[in-house]
Amino acid sequence: MSAPVAAASMIERARQGERRAFETLYRENVGRVYALCLRMSGDADRAEELTQDVFVRAWSRLSSFRGDSQFSTWLHRIAVNAVLQKRRGDKRREQRVETRSAEELAEAPAARGGSMERMDLERAVAALPEGARAVFLLHDVQGYKHHEIADMMGLAVGTTKAQLHRARRLLREALER
Amino acid sequence: MTMHPGEARLNDWLDGELDAVAAADVAAHVDACASCRAEADALRRVLHAAGALGDSIEPRRDLWHDIDSHIDTAGTFELGAWRARRRGALWAHRYELAAAATLLVMLASTGTFLLVRNATQAPVVAADERPLPETMTPVSLVSVPGQADYAAAIRKLDALLREREANMDPQTAAVVRRNMAIIDQAIREAQAALAADPANGGLNQAVSAAYKTKINLLRRAVELPART
């Protein structure tokens, strides 16, 4: 069975309520979802909570997945929305994020196996102001377009561009230190 | 040499967001200007590093067990675990929830009024105080056999109420029906909101609370004494 057919079959079985099938989808996608949640939230505990939310949401919305895009893309969009929703509702934790996230990200399994430059960048990204970090991750790491980011974040395109340019400038400075 | 493009234009150029003429302009400038070239190279290094970040990080622990415990094969949610985690969402919906709470208080008061008024007329039969299920059922699933405790309880009590209505004081029956209409409207509105946002814990709780209120009101109504 080809990969897309296998995935479609897995999704259909999950849609019928088969947990084992949904667990397979979880295992195939959790790394990407968690990476996004960790980098965007900058907090490992929060990222775990968000990741759980994302998969519970996905389970409850499986019937709305029409297969127009890949399952991972659909799931990713749920994750981005979950993170941004949480971010809007929870501005108070900004201070905690900036102090904890750098170490947590540097200690993350992917970062442990990575190069010094990558670890430095993870730390530098974690230390970015929240808005600039979100736009940088969505644009430069996840590949979203400015108009998509502006739409998701409820900002003007000019604002997301300004945030991105600021993020790149701060990262460049951090990496040159 | 043309003017320095500036940070925004340089970024747009690197992102391929300039039209052909503007892009050629910036490219020619960067080629001739050492400081802009250095600036562009530094930005390219950031972009290259971002591209190499990788899009997957494994969580510190396996999260499946927690996810599995929050869902079941019918797509239901266990409220207990979600309540604590959903405080933020509840706060975001505080106005809707406040309106729902007002309605529920009003209905509870009406039920109490009916009980108090009738207590002077005849003794009230002991209510069935079995606790309602801890696992709530999303409205869209109320017809699923074995999962729809609320729906089943409502159907049973509603049938009982219709049987007894003929012997009920007409004024009391009218009050009961009026309040049933209000709570039914509240349930429909909460259902519609939940259909639009199925994973919203606050809305799930609002629907659950509305069902519980309806069941309590029905229970009390069927226990009202017949007219004298």
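Residue numbers start from 1 in every chain, and the chains themselves are labelled A, B, ... in the order their sequence lines are given, proteins ahead of strands.
Of all residues in residues 163-174 of chain A, those placing a non-hydrogen atom less than 4.5 angstrom from a non-hydrogen atom of chain B are L164(A), H165(A), R168(A), R169(A), L171(A), R172(A). Proximity to chain B among residues 141-160 of chain A is limited to V141(A), H146(A), judged by heavy-atom separations below 4.5 angstrom. Applying a 4.5 Å heavy-atom cutoff, the residues of residues 14-24 of chain B that approach chain A are D15(B), E17(B).
Atom CZ of R61(B) has more than 12 neighbouring heavy atoms from other residues, nucleotides or ligands inside a 6.0 Å radius.
Looking at residues two or more places apart in sequence or on another chain, you find a salt bridge (Lys or Arg N to Asp or Glu O under 4.0 Å) between R44(B) and D41(B).
Looking at F22(A), both its backbone and its side chain come within 4.5 Å of chain B, counting heavy atoms on both sides.
When the candidates E23(A), H139(A), K161(A) are compared by the number of heavy-atom contacts under 4.5 Å with chain B, E23(A) comes out ahead. Annotation: maximal heavy-atom pairing with chain A below 4.5 Å, among D12(B), I67(B), L43(B), occurs at I67(B).
Using a 4.5 Å heavy-atom cutoff, the side chains of H76(A) and D55(B) are not in contact. Contact check for E48(A) versus D66(B): no side-chain heavy atoms found under the 4.5 Å cut-off.
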Please test L121(A) against R45(B) for side chain to side chain contact (heavy atoms under 4.5 Å, CB included), starting from the C-alpha separation and ending with a verdict.
CA-CA 11 Å; L121(A) 186 64; R45(B) 279 196 294 278; over 6 Å; no
Show, in sequence, the C-alpha distance, side-chain angles and deciding distance for W64(B) and V30(A), and conclude whether the side chain to side chain contact (heavy atoms under 4.5 Å, CB included) test is met.
CA-CA 9 Å; W64(B) 173 249; V30(A) 66; over 6 Å; no
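Side-chain N or O atoms of R19(A) include one that pairs as donor or acceptor with a backbone N or O of I71(B) at under 3.5 Å.
Going from atom CG of D53(A) over to atom NE2 of H70(B) covers 8.5 Å, rounded to the nearest 0.5 Å.
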